[in-house]
Amino acid sequence: MKWISCVLFIIVAVCLPLSATVDSLSTSEPTSQADINNADYYYNKGLDYFAAGNQGYANLYFLKALNLNSSHKYARVNLDLAVRMSPDSKLYPEHLFLVRLMFQVLDILSVNRLAVLSLLLLLLTALSLAWLLFYDPDKERALPLLFFVLLLLLCIGSFTSLGIKSHKQRHNPLAVLIAGNTQLLPLSETESKPLADIHAGLILNFIETKGEYSVVRLPNGQMGRILSSEIVKVKL
Amino acid sequence: MKKALLCLFFLPILLGAIRVDVSVNKYVISSNDQLTLTLKISDSSRVNVSEPAAPAVNLLSFRNMTSSSASSVSWQVGGRVSEFSHTYNYIYFPQKTGQTTIPAITVTVNNREYKTRPIDITIIAATNPNSNQSQSSPAFPNSDPYGFSIPDYWGEDNPSQGNTFLTALPETQYVYSGFPAVVSYYLYTDEMVRSFNLEEENDFEGYGKSTYEQPTMLNYEDVRFNGKNYKRALIKRLAIMPNREGALQAPQMQGIARLYNFGYLNKNLQSKGGAITVRPLPRANVPAGFNGAVGNFKVSHSISKTELALGEALTFTLKIQGRGNYNRFSAPAFASGKGFQVSSPVVMDNINAGIEGTRTYFYTLIPQSKGQLKLPDLPFSWFDNDNGGYRIYAKTDQTIEVKSANVLSYLNRIWEPQTPRAMHPKINKAKYPAYVAYAGQAWYWVVVILILAFCAGISIRAYELRLKRKSPELFAKKQAGRILQKYMKQATSAAQNLSPEFYPLAEKALFDYLTAKYKLGNSLSTDEKISMLREHNIPLELVEEMQSFLQQCLTARFMPEADRTINLQEDLGLLQNIIIGFSRIKNHNQGA
């Protein structure tokens, strides 16, 4: 009876703060009434914008889809194609094969997949721990120990990745240039000579807001400022 | 003093006034040298200058003129100072030795006339006549494109009676409705036309237009026109897209030709010609799926692969090359074929003026089932302007082999980052459920905590087993402590409080413990219980010790209350020893 009451107490103690967190997140990030927070929905919306010739919003919605589900293959392929066809395609760095492979693997592991994988690894780690602890003391314990250590490392890595990806999902720093053709201005307000001509659809890294300008970083690493009204962040 | 102050007061105004300066590179030149006359007009604000004509100078032959404009901003004590200037350089070659004067030049700046000062020049004989003008580099790469000689005299009337005109020449007189007609505008001349400024294009009804070609300089070619020899240069080439049938008039060009004839002479020109007749498309034999494409096209297609796994995509590329009305027809659509999901195509144009070049459509096809699938039809038909008939693009039947999906098909983007070259199609769903992050759900963390609790439980259990194996004494003590905690709590508490209730509580606790451990029936008497315990191979000393303790409890029941508490602590110690003794014994029911 005591055990049952203990388990119930733990469940209640854990559930209450977590449900409170979920509620507070949903109220602090109101979504547009027209938008549904669904990767496929965002993907389809991106396609509609692309068909209408609106490169900026097309890329934005593909990125929104990928923010929810980084393994959304269609959104990734369409975004890659849109980027390749854009006039700013040369601003995007060409990655080496192994780097591309790493990104691809990270993309496959979306936040939810990572969550399930982490849970599975935790369960396997627990079972391997049981195997190790109740292993015949007269026998060599190297094999269960190896299993346990490997699974534990994988489990820790998986939970760490889950934490990082979840944080990035909630605080996605990417933004998309929606204005047609514009110029990247230098960070110093006394200088007015533009640094580069950039076009709608360019994916930027948002750094901070300074007055009516936003400090952004281009895909090639160049930093500058741009009117805040000309960009839209992936995660509002 | 007052004048000086007045001067100081007006100094900024004087400084800000329009300045017209004239200068020469040399006042004394040799007959094989060249003279550069520089005219500079400057002001603190932008000036509107009419280009001054080169002055006619006796003994000097005008060769060339260049002009430039500049602006600068500098910071001085009084603040920002801007300067805008126009500079004209006139180059002259000496004709004879002697004294001459460059006359005053009249310049119109901001609708006001300014005059420069005359400059005296002395021309002396060259020391090395063979090097005559060899060092000069005229501003025009070919200052004499006709091979005509430059006249070496000034002041006479224009001796030229030449002919210069602008004409519009359509490539073909007749086109079918929708087919773009190309009209070339040529400047014909038998004079020295140095430049041509296109001023205006007058449009007429019934067409759309775009610039097909516009040279940046006059490239002359020799032609014969109406029995006369001319030089002609292309001014502009327009693509005319008729949007009605019948007679059309191509746009009329207007411009100014700058003729050289002992100075420059401007001549206004207006193009003539440019009539086009637009024929209607035949109404007979119009193929199904004709969507208005008119042109002289070559159509071809290719597919990225003929074998693929389920889940992979293939790219179908349709290429249309040639001249035609690319802006008037849309992408052909695949017939609703079985087995493939087809995307809307991505269009890549490499088309000049919207009429000539290559248009490529990229379609992404995703197979929906395994097996040998036939590509659906892609009907495309157009009207061929040259043949005067409709044509249909016939795609050969192509079969695609679709295999089962595999894990590697997921990683296709790594091996082939540049493919496919078309957008994937929409994902049609009846409902779009809102995204739920599992890691933000309560159930997820409950499962995590349960697994962690399981880990903690098995760790404790494993520790106990290890302790029992490695140090049985310590384990027995701990076990006894637990048992005492569990069964003897009340009895221990009574002993510590010197309560006479200790003995009944201790007796009850001892039997509870033994009943739980050896499954003794509650209905048995004390003697029966003891005899049953003997059957469990319990050491005799322990049984006797227990019997002695039970006897002590029985005795204590009938003792006066004050006497009962005398040996309480001793009896508690005895009880603990009994429990420790029992806890060391393995229970038969629990196995070995």
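A note on names: the letters A, B, ... follow the listed sequences, proteins ahead of strands, and every chain is numbered from 1.
- The two atoms that bring B:P433 and A:N38 nearest to each other are O-ND2, 2.6 Å, heavy atoms only.
- Between the side chain of B:Y444 and the backbone N or O of A:A115, at least one donor-acceptor pair lies under 3.5 Å.
- Going from atom CG of A:L123 over to atom CG of B:L450 covers 11.0 Å, rounded to the nearest 0.5 Å.
- Under the 4.5 Å side-chain criterion, counting only non-hydrogen atoms from C-beta, B:Y438 is not in contact with A:L119.
- Within the 4.5 angstrom heavy-atom criterion, only side-chain atoms of A:Y43, from C-beta onward, approach chain B.
- Taking both residues in full, the closest heavy atoms of B:S459 and A:L129 are given as OG-CD2, 4.0 Å, listed atom of the first, atom of the second, then distance.
- Between the side chain of A:N44 and the backbone N or O of B:N428 there is no donor-acceptor pair closer than 3.5 Å.
- In this structure, the portion of B:L465 lying under 4.5 Å from any heavy atom of chain A is its side chain and not its backbone.
- For a heavy-atom cut-off of 4.5 Å, chain B lies close to A:F159, A:L162 in residues 152-162 of chain A.
- Within 6.0 Å of CZ in A:F147 there are 12 or fewer heavy atoms belonging to other residues, nucleotides or ligands.
- For A:A82, the parts lying under 4.5 angstrom from a heavy atom of chain B are both the backbone and the side chain.
- Residues A:N69 and B:Y435 fail the side-chain proximity criterion, which asks for heavy atoms closer than 4.5 Å.
- By the 6.0 Å contact criterion, OH on B:Y463 is open, its count of non-hydrogen atoms from other residues, nucleotides or ligands being 12 or less.
- The shortest heavy-atom contact between A:N112 and B:A437 is OD1-CA, 3.4 Å.
- For a residue to count as touching a neighbouring chain, one of its non-hydrogen atoms must lie under 4.5 Å from one of that chain's; by this rule B:F454 touches chain A with the side chain only.
- Looking at A:L133 and B:R466, their side chains never come closer than 4.5 Å, going by heavy atoms from C-beta outward.
- Looking only at heavy-atom pairs under 4.5 Å with chain A, the residue among B:P425, B:A434, B:C455 that has the most is B:P425.
- For the residue pair B:K426 and A:L47, the shortest heavy atom distance occurs at N-CD1, 3.5 Å.
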